[in-house]
Structures are given as structure tokens and as C-alpha cells.
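In what follows, chains carry the letters A, B, and so on, assigned in the order in which the sequence lines appear, proteins first and then strands, with residues in each chain numbered from 1.
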2 protein chains.
Amino acid sequence: MTPPVFAHGSLRLYLLALLEERPRHGYELIQALSDRFGGTYSPSAGTIYPRLSKLEEEGLVSKSTDGRKTVYEITDAGRAELDARRGELDGIENEVTDSVRRLADGVRAEVNGAMRSLRAELASAAREAKRSATKAPASASGGTSSTGWGGDARAESSRAVHEIDLVLSEFRQQLRTDLRTHASHGRVTPESVTLLRARLAQVRADVMATLTDH
Amino acid sequence: MTPPVFAHGSLRLYLLALLEERPRHGYELIQALSDRFGGTYSPSAGTIYPRLSKLEEEGLVSKSTDGRKTVYEITDAGRAELDARRGELDGIENEVTDSVRRLADGVRAEVNGAMRSLRAELASAAREAKRSATKAPASASGGTSSTGWGGDARAESSRAVHEIDLVLSEFRQQLRTDLRTHASHGRVTPESVTLLRARLAQVRADVMATLTDH
DNA sequence: ATCGCACACGCGATATATCGCGTCACAGAC
DNA sequence: GTCTGTGACGCGATATATCGCGTGTGCGAT
């Protein structure tokens with residue numbers, strides 16, 4: 001039901017990036033992630049610790065105990081891995097931001113539903129007024145996707161896809177900055193939105209044309 | 001903040017009573033308590049484990065490890081203590097039930113409050129959707145000031161910015177999916193990247209123009 | 001009687017680690 | 001080219017343990 005916030009290799013890389021800033025222990029990383037993504041998303045311990053274990057097993061981080069804390073530090077191998085994939089990082093940040101926003105929207109809807117059932121339950125409880133009932137939560141997961149790599153003949157294609165990702169990322173960043181600037185003095189009208197939507201649809205069609213035309 | 005559910009010696013005794021039924025491990029006790037009191041109240045690990053340690057220290061329960069679980073069993077001394085204070089148990093059960101009820105009322109109030117603000121937010125979102133999507137047949141006249149909240153223009157601008165964010169997000173998602181599909185059979189050339197870059201720059205310029213043109 | 005204060009207690013926050021489910025990507029089978 | 005299984009992965013649930021804050025309780029001093 002709730003789609004994962006981090007795509008397949010993303011958490012691994014992001015953790016490495018956080019540890020590059022400075023050594024941290026597990027709980028600290030959980031908080032750091034929670035902070036960076038508005039508190040709406042908090043990675044669970046079951047997400048962080050297995051990943052850290054894996055990273056240590058791979059030799060990308062080293063572990064050392066400090067009282068009841070377990071401090072993780074990035075190794076040279078870790079820094080190398082990070083350097084090699086530095087470009088993916090900003091893409092990940094944007095992706096996660098998107099996921100979190102979708103998640104927040106989902107939560108809003110869920111709360112609506114939960115409220116309905118709660119109201120029903122309270123009404124029922126008032127009617128009976130002597131017996132109690134039990135409740136049960138729920139959970140699941142879903143999915144998104146992202147970067148693909150690894151071929152040989154398709155290397156160029158992959159590179160191109162990845163670069164498009166970067167271009168998109170940059171474009172979004174720029175437009176956001178532009179809008180923030182102009183929104184403070186002067187205003188952004190719905191017409192801008194409409195225009196943007198139309199133009200992007202056109203761009204998409206044109207780009208697709210270059211793909212199918214050969 | 002929230003008043004304790006269990007009065008001073010109550011948890012200790014209740015734990016003993018639960019262990020008299022059968023040996024249990026810590027987490028099991030947490031769940032048992034959560035079950036008995038309607039799920040509204042879940043004692044935290046920080047409540048249970050120190051108490052269990054204390055009980056063991058006093059020799060009222062004995063501890064034994066089973067895999068990653070720590071099973072607690074009542075001792076003769078524990079049964080003696082329980083027999084001596086059997087009378088208090090009913091009182092405790094009632095007391096706790098009352099506490100939980102009060103707590104549930106508090107939650108209900110809180111949720112109600114949260115719902116109010118949520119409703120407001122949803123209403124706002126609905127207004128936004130209506131304003132930008134529908135080209136409203138009549139009704140909407142010019143006068144934005146006087147009644148209603150001040151800074152309507154600012155709010156509209158903010159809403160527009162948010163929506164642009166959505167459009168960007170969606171666009172990126174779509175393009176990524178498109179590329180993914182076409183990248184498997186057929187390929188993505190650097191020309192597509194170049195084209196995309198150029199077209200996006202143009203779009204950005206055009207959108208910016210709608211902002212400064214007024 | 002009552003004042004006050006050490007001590008026990010309840011509990012959320014802090015901290016760590018594993019298990020099992022569902023999903024996704026990738027490789028090899030076809 | 002499509003189908004498939006399998007392994008890695010994200011993540012909630014399970015499981016345990018400690019720290020520190022606020023409060024209530026009981027006892028000795030007043």
C-alpha cells in the first residue's frame with residue numbers, strides 16, 4: 001500500500017553521503033533522514049540497521065562502539081564508491097522529496113478514512129455502552145523505480161537516460177528557484193501553470209518522437 | 001503531560017498476574033496489555049523492561065533466554081506476593097480501565113481538533129482545484145478584497161507555485177517511464193538529451209515571461 | 001500536623017538488532 | 001523478444017534494553 005520512499009539502491013547511497021559529512025550512529029541517521037524530509041517520513045530501524053550492516057560487510061563503512069552507541073564511519077572504499085556515483089545523489093534527493101509529498105497526500109486521505117471508521121465506532125460504542133471491541137491496524141508496500149545501469153552495448157543509451165535525469169533535475173531546481181524569487185514580489189498566476197503544462201506536454205511528445213524515429 | 005495509566009505499584013502487580021497465567025516474554029506482555037485495554041493504550045518498552053528487571057532482582061520472577069526472546073516465569077515467591085495482594089487486582093483493573101477511557105476521550109478530542117484543521121486544509125485544496133481547473137461559468141467577479149481573508153493574491157500565488165511543482169513532478173515521472181520503456185528495445189541518443197535541454201530552456205524562458213508581463 | 005526530600009515509579013525518547021512480506025530489477029531460460 | 005525465478009532491497013513488525021524527566025509516596029525532621 002505505502003510505496004517505498006527510497007528506490008532500490010538509493011538508501012545505500014544516501015546513507016553513505018550522510019556518513020561522508022561526519023561519522024554517525026544508527027539512530028542519528030534515522031533522525032537526520034527524518035529531519036531532511038519534513039518529519040513526514042521517518043525510516044524505521046528495520047530499514048537503517050540492515051543497510052548499515054551490509055555497508056560494513058562491503059567494507060564501505062567501519063563500525064566502532066561508543067558506550068551503547070555504534071558509530072559508523074565512511075572508509076576510503078566508501079568515499080570511492082560515493083565519488084563514482086556522486087551524480088545520482090541530487091536525483092535521489094528530488095525523488096525522495098516527491099515520494100514524501102505523495103506520501104503526505106496519502107496520509108491526508110487515510111486520516112479521512114480513519115476518521116469515518118472512528119466515528120462509526122464511537123457511535124456503535126455509544127449504542128452498546130457496555131461491551132468493548134478490538135481493533136487491528138494494517139500495512140503493506142508498493143513501488144517506484146529509477147536508475148538503471150550496467151550494460152555494455154546499451155551503455156550509451158543508459159548514459160543518455162541518466163543525463164536526461166540530470167537535465168530534468170536541474171530544470172526543476174531552476175524553475176523552483178525562479179518561482180520563489182518572483183513569488184515574493186510580483187505574483188504567479190494560474191495562467192503560468194496552464195502554459196507550463198501545455199508546453200511540457202509538447203516537449204514530451206517531441207522527445208518521444210526522436211526515440212521512435214529510427 | 002498525559003497522566004500515568006498505572007498507579008504506583010500497579011504495573012508491578014499486574015505484570016505478576018499476567019505471568020501467573022503463563023510464562024511470557026517482554027514484547028508478549030506489551031501486546032497482552034495493549035489487547036486488554038482496547039489497543040488505545042500500549043505500554044512502551046521503557047515501561048515494561050525495567051519493571052521486569054526489578055521483579056527478577058526481587059526474586060519474584062525468573063528469566064530464561066529462548067533464541068532472541070527473554071522469557072519470564074513467575075517464582076514461588078512471586079506467587080506468594082500475588083496471593084497476599086490478590087484483592088488489589090480488581091481495583092487495579094477498574095482503575096486502569098478508567099484511565100484508558102479518559103485517555104481515549106483525550107485522543108478523541110485531539111483527533112477532532114486535527115480533523116478541523118485538516119478539513120480547513122482540504123477545503124483550501126478544493127478551492128485551489130476549482131480555481132485552476134474549472135473556468136467557472138459565472139459567479140466569480142473581480143473584487144478580491146474586503147470580506148474573506150486578506151492576502152488572497154499571495155495565497156493564489158502560493159497555490160500556483162505548488163501546482164507547478166506537481167506538474168513538474170508528473171512530467172518527470174512520465175518522461176522517465178517513457179524512456180524506460182523505449183530504452184529496452186530501441187535506444188536513447190544524445191540528440192534526445194540535447195533537444196530536451198534546448199526545449200526546456202525555452203519553456204523556462206516563456207514561463208518566466210508570463211511572470212514579468214504584468 | 002506539615003514540610004521536604006530522597007527514592008521509586010511510569011513513561012516517552014533513545015538505541016540497537018532481526019524477521020518476514022511484498023516488490024523490483026536483472027539474468028538466464030525459452 | 002518474452003517469460004520467469006531469484007536475489008537484493010525497503011520497511012513494518014517484532015524484540016530488547018537504557019536514559020532522563022516529571023511526579024507521586026512515604027518517612028524523617030520540624
Atom-to-atom span, CZ of A:Arg12 to C1' of D:dC9 - whole angstrom: 11 Å
Applying salt bridge (Lys or Arg N to Asp or Glu O under 4.0 Å) as the test, list every pair that has at least one member in residues 5-20 of chain B; sequence neighbours left out. B:Arg12-B:Glu58, B:Arg12-B:Glu81, B:Glu20-B:Arg86
Separation of C:dA15 atom P from A:Leu52 atom CG, nearest Å, is 14 Å
Using a 3.5 Å distance criterion without hydrogens, assess whether the side chain of A:Thr75 forms a donor-acceptor pair with backbone atoms of A:Leu60. yes
Under the side chain to side chain contact (heavy atoms under 4.5 Å, CB included) rule, collect the residues that match up with A:Arg68, sequence neighbours excluded. none
Figure out the CD/C1' separation between A:Glu58 and D:dC9, and round it to whole Å. 12 Å
Could you tell me how the ring of A:Phe37 sits relative to the ring of A:Phe6: parallel (under 30°), tilted (30 to 60°) or perpendicular (over 60°)? perpendicular
note: B:Asp35, atom CG; D:dT14, atom P; distance rounded to Å ~ 11 Å
If every non-hydrogen atom of B:Ile48 is compared with every non-hydrogen atom of B:Gly26, which pair is closest and at what distance? CG2-O, 4.2 Å
Just the table, please: protein N/O against nucleotides 3-5 of chain D N/O, every pair under 3.5 Å.
none

Would you say B:Lys54 reaches C:dA8's phosphate, i.e. side-chain N/O to OP1/OP2 under 4.0 Å? no
What's the CZ-P distance between A:Phe6 and D:dG12, to the nearest Å? 12 Å
Partners meeting side chain to side chain donor-acceptor pair (under 3.5 Å) with A:Asp206 (sequence neighbours left out): A:Gln202, B:Arg199
Within the sub-3.5 Å range, which N or O atoms of nucleotides 16-20 of chain D have a protein N or O partner, and how far apart are they?
| from | atom 1 | to | atom 2 | distance (Å) |
| --- | --- | --- | --- | --- |
| D:dT16 | OP1 | B:Thr70 | N | 2.4 |
| D:dT16 | OP2 | B:His25 | ND1 | 3.3 |
| D:dT16 | OP2 | B:Gly26 | N | 3.3 |
| D:dT16 | OP2 | B:Tyr27 | N | 2.9 |
| D:dT16 | OP2 | B:Tyr49 | OH | 3.0 |
| D:dT18 | O2 | A:Arg68 | NH1 | 3.4 |
| D:dT18 | O2 | A:Arg68 | NH2 | 3.4 |
| D:dT18 | O4 | B:Gly46 | N | 3.4 |
| D:dC19 | O4' | A:Arg68 | NH2 | 3.3 |

By side chain to side chain donor-acceptor pair (under 3.5 Å) - contacts of B:Ser42 (at least two apart): B:Ser34
Atom CD of A:Glu57 and atom C1' of D:dG7: how far apart are they, to the nearest Å? 14 Å
Does a salt bridge link B:Asp76 with B:Arg79, judged by any charged N lying under 4.0 Å from a carboxylate O? yes
Could you check how far CG of A:Leu15 sits from P of D:dA8, rounded to whole Å? 18 Å
Should we say atom CZ of B:Arg101 is surrounded by more than 12 heavy atoms from elsewhere, each under 6.0 Å from it? no
Measure from NE2 on A:His8 to P on C:dC24 and round the result to the nearest Å. 9 Å
